[in-house]
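Notes follow the structure.
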Amino acid sequence: MEKVIKSGTGWRIGWNPDAPEFKGLVGTDNWAVELTKVELDDFCRLLNKLADTMKHLATELMDEEKIACEAETDLLWMEVEGYPHSYSLRLILNTGRCAEGQWDAHAVTGLVAAAAMLKVF
């Protein structure tokens with residue numbers, strides 16, 4: 001597998017299996033943070049879990065209701081907030097270098113799709 005960078009309006013995600021420590025990258029047009037393989041794996045897994053949760057909540061909420069859902073591991077914390085069809089995403093990296101970032105609602109759908117396909121070859 002070779003280096004991959006995927007990007008869209010307001011998001012980017014990358015994977016470099018040959019990098020010595022920080023094999024992953026997540027960010028927007030204005031910021032990015034490198035992640036270890038384990039951090040990137042957690043990011044992709046939690047992002048998928050949160051997206052699935054929002055999809056399932058669509059039948060439980062009224063159209064005008066917003067919701068926030070959180071998920072975390074020892075390495076990172078993530079939150080989605082908004083409507084089941086349109087929500088923002090926040091990330092806090094809890095490891096030694098610490099980082100925080102946010103994706104606007106218009107960027108999240110593309111990021112979710114790209115994260116699901118990042119390491120597929």
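Computed over heavy atoms, backbone and side chain alike; hydrogens, waters and symmetry mates excluded.
- For the pair Met78 and Leu89, the minimum side-chain heavy-atom distance is below 4.5 Å.
- Following chains of ILVMFWY side-chain contacts shorter than 4.5 Å, one can reach Tyr87 starting from Ile67, so the two form part of one hydrophobic cluster.
- The pair Arg45-Asp42 meets the salt-bridge criterion, with a side-chain N (NZ, NE, NH1 or NH2) lying under 4.0 Å from an Asp/Glu carboxylate O.
- In this structure, Leu47 is not a member of the same hydrophobic cluster as Trp77, with clusters built from ILVMFWY side-chain heavy atoms closer than 4.5 Å.
- The shortest heavy-atom contact between Gly24 and Leu40 is CA-CD2, 3.8 Å.
- With rounding to the nearest 0.5 Å, the separation of CD1 in Ile13 from CG in Leu118 is 5.0 Å.
- The backbone N or O of Asp29 sits nowhere less than 3.5 Å from a side-chain atom of Trp11 that would complete a donor-acceptor pair.
- Using a distance-only test at 3.5 Å, with no hydrogens or angles considered, no donor-acceptor pair links the side chain of Arg90 to the main chain of Glu81.
- Scanning both residues, Leu93 and Val33, for their nearest heavy atoms gives CD2-CG2, 4.3 Å.
- For the pair Leu35 and Phe22, the minimum side-chain heavy-atom distance is 4.5 Å or more.
- Neither Ile5 nor Leu91 shares a network with the other; the hydrophobic side chains, linked directly or stepwise wherever heavy atoms of I, L, V, M, F, W or Y lie under 4.5 Å apart, form separate groups for each.
- Of the inter-residue distances, the one linking Asn16 atom CG with Lys37 atom NZ reads 13.5 Å to the nearest 0.5 angstrom.
- Checking side-chain atoms of Lys23 against main-chain N and O of Trp15 turns up no donor-acceptor pair under 3.5 Å.
- Under the 4.5 Å side-chain heavy-atom criterion for ILVMFWY residues, a single connected hydrophobic cluster contains both Leu57 and Leu50.
- With Arg12 contributing its side chain and Lys6 its backbone, the two residues share no donor-acceptor pair below 3.5 Å.
- To the nearest 0.5 Å, atoms CH2 (Trp31) and CD (Glu100) are separated by 9.5 Å.
- Across all their heavy atoms, Phe43 and Leu76 have their closest contact at N-CD2, 4.0 Å.
- Summarising the geometry of Pro84 relative to Glu65, their closest heavy-atom pair is CD-O, 4.3 Å, with the distance given to 0.1 Å.
- Within the structure, no pair that satisfies the salt bridge (Lys or Arg N to Asp or Glu O under 4.0 Å) test touches residues 66-75, not counting sequence neighbours.
- Summarising the geometry, atom CG belonging to Leu111 is positioned 12.0 Å from atom CG belonging to Asp104; distances are rounded to the nearest 0.5 Å.
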